[in-house]
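To start, the structure under review is shown below, and the notes come after it.
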Amino acid sequence: MLRVAYPGVPGAWSEDAIDALLGSDGVEPIGFATFADSLGAVMHGHAGAAVIPVFNTIVGAIGAGLDAIAAYPALRAGGSAEIAIGHCLLALPGASLRTVRRVESHAIALAQCRAFLSRQERLAVHASFDTAGAARDVSDAGDFARAAIASPRAAARYGLSVIADRIADHDDNRTRFVAVTRR
């Protein structure tokens, strides 16, 4: 079984990238709190590879991912995959745009959905570490006033409903992920 580290929790877009880069057979995705923690797991032998986002077509370079890779010169970036990122607004079943007052997600995801968010003037926007982590937090809170910007995978994982689909500023929102291994 190949253990593959990624930043985030189950339901993260990185899981889609792991599937694209390495497949799902014989692969065990393992979420970590930070980009650096994900790469540290590879460095210290706790994972055979990591999958890290490095570039998005809307916001450009993902500095945290590139910085983390640069901090580990004993590791090397190998294959890459571009993943279509179809951000959705997720909330508890029964919630709607009328009930939601707070939106949570990773800062990069929030930046990718700026136009949608600017049209929702009453929504307070809060950054969190991870898109799927925001979805998990919304589910755990049980609050109809909270929503997350995350993937359909996260909606299914955490029992949330999609209340707005494909909300990124551009229809062709894509993120490049790289697989990182020991040299």
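No experiment lies behind these values; they were computed from the predicted model shown.
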So, [X] and [Y], do they make that salt bridge, N to O below 4.0 Å?
| X | Y | value |
| --- | --- | --- |
| Glu121 | Arg119 | no |
| Asp140 | Arg146 | no |
| Asp16 | Arg153 | yes |

Should [X] and [Y] count as side-chain neighbours, where that means a heavy-atom distance under 4.5 Å?
| X | Y | result |
| --- | --- | --- |
| Arg174 | Ile83 | no |
| Ile149 | Leu117 | yes |
| Ser96 | Ile163 | no |
| Val180 | Ile69 | yes |
| Thr57 | His170 | no |
| Thr181 | Leu75 | no |
| Val42 | Arg182 | yes |
| Ile52 | Phe177 | no |

Could you grab the distance from atom [atom1] of [X] to atom [atom2] of [Y], nearest 0.5 Å is fine?
| X | Y | atom1 | atom2 | value |
| --- | --- | --- | --- | --- |
| Arg136 | Ser128 | CZ | OG | 9.5 Å |
| Leu90 | Ser161 | CG | OG | 8.5 Å |
| Ser151 | Glu15 | OG | CD | 8.0 Å |
| Asp143 | Arg101 | CG | CZ | 11.0 Å |

- Answer yes or no: are there more than 12 heavy-atom neighbours, outside Arg98 itself, under 6.0 Å from its atom CZ? no
- Task: Count the heavy atoms belonging to other residues, nucleotides or ligands that lie under 6.0 Å from CG of Asp25, then report whether that count exceeds 12.
- Result: no
- Task: Quick one: list whatever passes side chain to side chain donor-acceptor pair (under 3.5 Å) with Glu28, sequence neighbours left out.
- Result: none
- Query: Stepwise, does the side-chain contact (heavy atoms from CB on, under 4.5 Å) test hold for Val178 with Ser80?
  - Reply: CA-CA 4 Å; Val178 295; Ser80 69; 3.9 Å; yes
- Message: Test side-chain contact (heavy atoms from CB on, under 4.5 Å) on Leu123 and Val100; report intermediate values, then the result.
- Response: CA-CA 7 Å; Leu123 297 181; Val100 171; 3.7 Å; yes
- Derivation of the side-chain contact (heavy atoms from CB on, under 4.5 Å) call for Trp13 and Asp130: CA-CA 9 Å; Trp13 288 107; Asp130 173 41; over 6 Å; no
- Assess the side chains of Thr175 and Asn56: does a donor N or O sit below 3.5 Å from an acceptor N or O? yes
- Message: Looking at every non-hydrogen atom in both residues, tell me the closest pair between Ala147 and Leu89 and how far apart they are.
- Response: CB-CD1, 3.7 Å
- Task: Give a yes or no on whether Phe116 and Ile108 share a hydrophobic cluster (residues Ile, Leu, Val, Met, Phe, Trp, Tyr; joining criterion: side-chain heavy atoms under 4.5 Å apart).
- Result: no
